[in-house]
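For reference, the structure discussed in these notes is given below.
Whatever order the structure lists ligands and atoms in, that order sets their numbers, starting from 1. Side-chain atoms are counted along with the backbone in the values below, which use heavy atoms only and exclude waters and symmetry mates.
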Amino acid sequence: MKYFAPPVERLIEHFERLPGIGYKSAQRLAFHVLSLPKEEAESFAEAIVDAKNKVFCCSVCQNLTDQEICPICQSASRDKGIICVVTDPRDVIAIERTREYNGLYHVLHGVISPLSGVGPDDLKIRELVSRLGTEPVTELIMATNPDTEGEATAMYLTRLLKPFG
Ligand SMILES: [Zn+2]
């Protein structure tokens with residue numbers, strides 16, 4: 001049974017689909033949005049649409065960017081010989097924060113996970129292989145998570161990329 005007006009129910013449903021949000025939290029967020037001034041609610045909705053329209057994957061490293069080629073790939077001061085392979089764009093931010101890495105990245109956008117039905121073709125692996133054919137890469141660093149799926153993905157890549165030396 002629905003307790004709220006349909007537009008409110010719809011808002012709650014959308015919040016509930018977000019990761020880590022249950023029905024109670026979704027309700028709380030929906031009511032918070034309803035209590036916002038109109039301009040602020042509109043600006044929130046616009047930010048979602050704007051991010052969705054303007055952010056896509058860098059054509060080289062697959063990191064999220066609003067440019068065809070992201071600032072890291074474009075930078076003249078980065079070491080183009082090293083590629084650090086990561087699972088997700090948040091890993092790039094985490095490594096950048098350490099300020100100890102000056103090479104390039106490759107973002108896989110996930111890990112191989114047979115249980116969740118994610119295979120190598122669902123990740124940006126083909127893009128990585130093609131980079132090895134065109135860029136002066138001398139070193140690959142596997143920085144996937146040290147859990148089972150992360151290790152399996154790193155192992156798969158190591159085997160796949162061996163022929164490139
Ligand atoms: Zn890039």
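- Under the side-chain contact (heavy atoms from CB on, under 4.5 Å) criterion, Q27 pairs with F4, I12, Y23, F31, not counting sequence neighbours.
- Protein N/O/S atoms closer than 2.8 Å to the Zn ion (ligand 1), listed by chain and residue number, are C58 SG, C61 SG, C70 SG, C73 SG.
- Interatomic distance, C58 SG to H106 NE2, rounded to the nearest 0.5 Å: 9.5 Å.
- Rounded to the nearest 0.5 Å, atoms CG (N63) and SG (C57) are 8.0 Å apart.
- Across every non-hydrogen atom of E96 and I72, the tightest pair is CD-CD1, 4.0 Å.
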Show me, pair by pair, the donor-acceptor contacts under 3.5 angstrom made by side chains of residues 111-128, not counting sequence neighbours?
unit_1 : atom_1 : unit_2 : atom_2 : d
S113   : OG     : S116   : N      : 3.3
S113   : OG     : S116   : OG     : 3.0
S113   : OG     : E149   : OE2    : 2.7
D122   : OD2    : G119   : N      : 2.8

Could you give the side-chain donor-acceptor pairs of residues 139-146 under 3.5 Å, partners two or more places apart or in another chain?
unit_1 : atom_1 : unit_2 : atom_2 : d
T144   : OG1    : G150   : O      : 2.9

